[in-house]
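Quick caveat: nothing in here was measured; it's all calculated off a predicted structure. Every chain is numbered from 1 and lettered A, B, ... according to where its sequence line falls, protein lines coming before strand lines.
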Amino acid sequence: MEHEKFSFDKAPEHRLREPFFMRPTELVALELLGCVLVRRLYGIMLAGRIVETEAYLHSDDAASHAANGRTPRNAAMFATGGCLYVYRSYGIHYCVNVVTEAQGRGCAVLIRALEPLAGIESMQRQRRTDEVKRLCNGPGNVAKALGFSIEDNMASVCHPELFILPALLGEGERIAVSARVGITKSAGLPLRFYLADNPFVSKGKPSA
DNA sequence: GCAAGGATCTAA
DNA sequence: TAGATCCTTGCC
């Protein structure tokens, strides 16, 4: 993608609305590829193109945090599609998911990697690295680069200062599917989606 | 290869 | 209330 063509002037007007997220989780995970996650934080616009996602389903998916029903931690997964589910991972990192389907279902799409488009200097400070390829190449890194924390749990991603723009897919960009990363249960399901050969995809190894 | 790191959930 | 688990990362 040509980063310099990205403009914020009227971006919020074009944001995806709730109905986009209230569809089957696998479809949302697939269609989020190429979409641009935008956040205005402390007056700075941060944006990255989604290049890697994982679907966590409402049933028959033991790897999902919602697999054993609703708890205080995973309550956001049971909110309505278009909300954020943010959780702490390994006691150290945060991971950002977009809730899918109807309220009460308990499913979400994990945002695993972004191609930074804007606010790159800010991301570099947050991540304490200058290497653009590594700013958002994993779920913990995405959260850190964009400043997400547990405070953002349950927030709407259809908000003027936190939203997602429709996909920008380049000619010849192909979508690949694999098993998900870092799980042991339901490890064989093909629920990880990413842009093939994109250098901003995480280094995580599929579990199956 | 593996420690860091802390909340969360389950079983007792 | 102890203990295992965990949708990870970066350094050893």
Under 4.0 angstrom between Arg128(A) side-chain N/O and dG10(C) OP1 or OP2: no

Sugar-phosphate only, base, or nothing, as touched by Ile183(A) at under 4.0 Å among non-hydrogen atoms: sugar-phosphate

Student check: side-chain heavy atoms of Leu84(A) and Asn153(A) closer than 4.5 Å: no

Distance, rounded to the nearest Å, where Tyr87(A) contributes OH and dC7(C) contributes C1': 3 Å

Name of the residue among Leu57(A), Val177(A), Thr53(A) meeting side-chain contact (heavy atoms from CB on, under 4.5 Å) with Glu26(A): Leu57(A)

Whole-Å gap separating C1' (dC7(C)) and NE2 (His93(A)): 12 Å

Contact nearer the 5' end of DNA chain C, comparing Arg134(A) with Ala63(A): Ala63(A)

Selected nucleotide, minimal atom distance to Arg127(A) side chain, candidates dC7(C), dG10(C), dT8(C): dG10(C)

Beyond-backbone contact of Pro116(A) with Gln124(A), side-chain heavy atoms, under 4.5 angstrom: no

Note, Met77(A) side chain near Asn97(A) side chain (heavy atom, < 4.5 Å): no

Under 5.5 Å and under 30°: Tyr56(A) stacked on dC7(C): yes

Atom-to-atom span, OH of Tyr94(A) to P of dT9(C) - whole angstrom: 15 Å

Counterpart base for dG5(B), defined by Watson-Crick or G-U wobble contacts under 3.5 Å: none

Residue Ser64(A), side-chain heavy atoms: nucleotide from dC6(C), dT9(C), dC7(C) that is nearest: dC7(C)

Side chain to side chain, Leu110(A) and Tyr56(A), heavy atoms closer than 4.5 Å: yes

Close side-chain approach of Arg73(A) to Tyr87(A), heavy-atom, < 4.5 Å: yes

Euclidean distance, atom CG of residue Asn141(A) to atom P of dC7(C) [Å, nearest integer]: 17 Å

Any side-chain donor near an acceptor of the partner, Glu101(A) and Thr25(A), under 3.5 Å: yes

Sugar-phosphate or base contact per nucleotide [nucleotides 5-12 of chain B; S, B, -; heavy atom under 4.0 Å]: BB-SS---

Ser178(A) versus Arg192(A), side-chain donor and acceptor atoms under 3.5 Å: yes

Nucleotide dC7(C), atom P - distance to CG of Leu189(A) in whole Å: 14 Å

Heavy-atom side-chain contact between Val98(A) and Val28(A) under 4.5 Å: no

Partner nucleotide, any strand, of dC7(C) [Watson-Crick/G-U, under 3.5 Å]: none

Length of the CG-C1' vector between Leu135(A) and dT8(C), whole Å: 17 Å

cation_pi(Arg40(A), Phe163(A)) dist<6.0 Å, angle<=45: no

Contact residues, residues 201-208 of chain A to DNA chain B [heavy atom, < 4.0 Å]: none

Under 4.0 angstrom between Asn137(A) side-chain N/O and dT8(C) OP1 or OP2: no

